[in-house]
Amino acid sequence: MTHMKSVNAILDALAAQQQQGETSLIVTIEPGLVEEATNTLRDYRKLFAPVVPGVTDTAPIYAAYDKMRANLTAPAHTLLLLVECQSIEEFREALGRMPIRHSSEWRDLDDGHLEFLP
């Protein structure tokens with residue numbers, strides 16, 4: 001797992017993985033990058049997950065990510081962005097700064113296997 005400081009670093013990592021034939025990437029980001037990552041990485045399937053070091057059980061997060069990747073009908077790049085926070089409230093605040101999206105923009109990813117979310 002790589003800790004990314006910018007969206008450009010994520011894009012560089014994606015390019016490197018593409019050269020190796022990989023279609024997935026797992027990175028850790030700061031809460032302040034959530035909105036920029038959402039806007040910049042529009043063409044990628046993304047799963048943002050809050051991680052509080054020493055508190056969060058990441059096994060269900062990885063299981064949800066693996067399931068998301070397994071449900072793809074065509075090869076697509078998938079990103080697991082672990083948002084390292086001091087608290088779940090910090091993650092909620094990062095999400096709260098994002099613009100509200102219309103219901104037609106949301107994808108139905110919740111098939112009951114996202115139980116790691118508060």
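- Remark: Cys85 SG to Glu93 CD distance equals 9.5 Å, nearest 0.5 Å.
- Side chains of Leu47 and Thr78 form no contact here, defined as non-hydrogen atoms less than 4.5 Å apart.
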Determine whether Tyr44 and Leu25 satisfy the following criterion, side chain to side chain contact (heavy atoms under 4.5 Å, CB included), listing intermediate values before the conclusion.
CA-CA 10 Å; Tyr44 298 91; Leu25 182 66; over 6 Å; no
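- Scanning for side chain to side chain contact (heavy atoms under 4.5 Å, CB included) contacts around Ala9 gives Met4, Ser6, with sequence neighbours left out.
- Residues Pro53 and Glu84 approach most closely at CG-CG, 3.7 Å, considering heavy atoms.
- Looking at heavy atoms from C-beta onward, Phe91 lies out of side-chain contact with Val52 at the 4.5 angstrom threshold.
- In this structure Glu30 satisfies the side-chain hydrogen bond (donor to acceptor under 3.5 Å, both in side chains) test together with His3, sequence neighbours excluded.
- The CG atom of Leu14 sits 11.0 Å away from atom CG of Asp43, with the distance rounded to the nearest 0.5 Å.
- Atom-to-atom distance recorded for Glu90:CD and Leu95:CG is 11.0 Å, nearest 0.5 angstrom.
- In this view, Leu81 and Ile10, Val27, Ile29, Lys46, Phe48, Leu79 satisfy the side chain to side chain contact (heavy atoms under 4.5 Å, CB included) rule, not counting sequence neighbours.
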Show your working on side chain to side chain contact (heavy atoms under 4.5 Å, CB included) between Val51 and Ile61 and close with a plain yes or no.
CA-CA 9 Å; Val51 175; Ile61 295 170; 4.2 Å; yes
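- More than 12 heavy atoms of other residues, nucleotides or ligands lie within 6.0 Å of CD in Glu22, so this atom counts as buried by the packing criterion.
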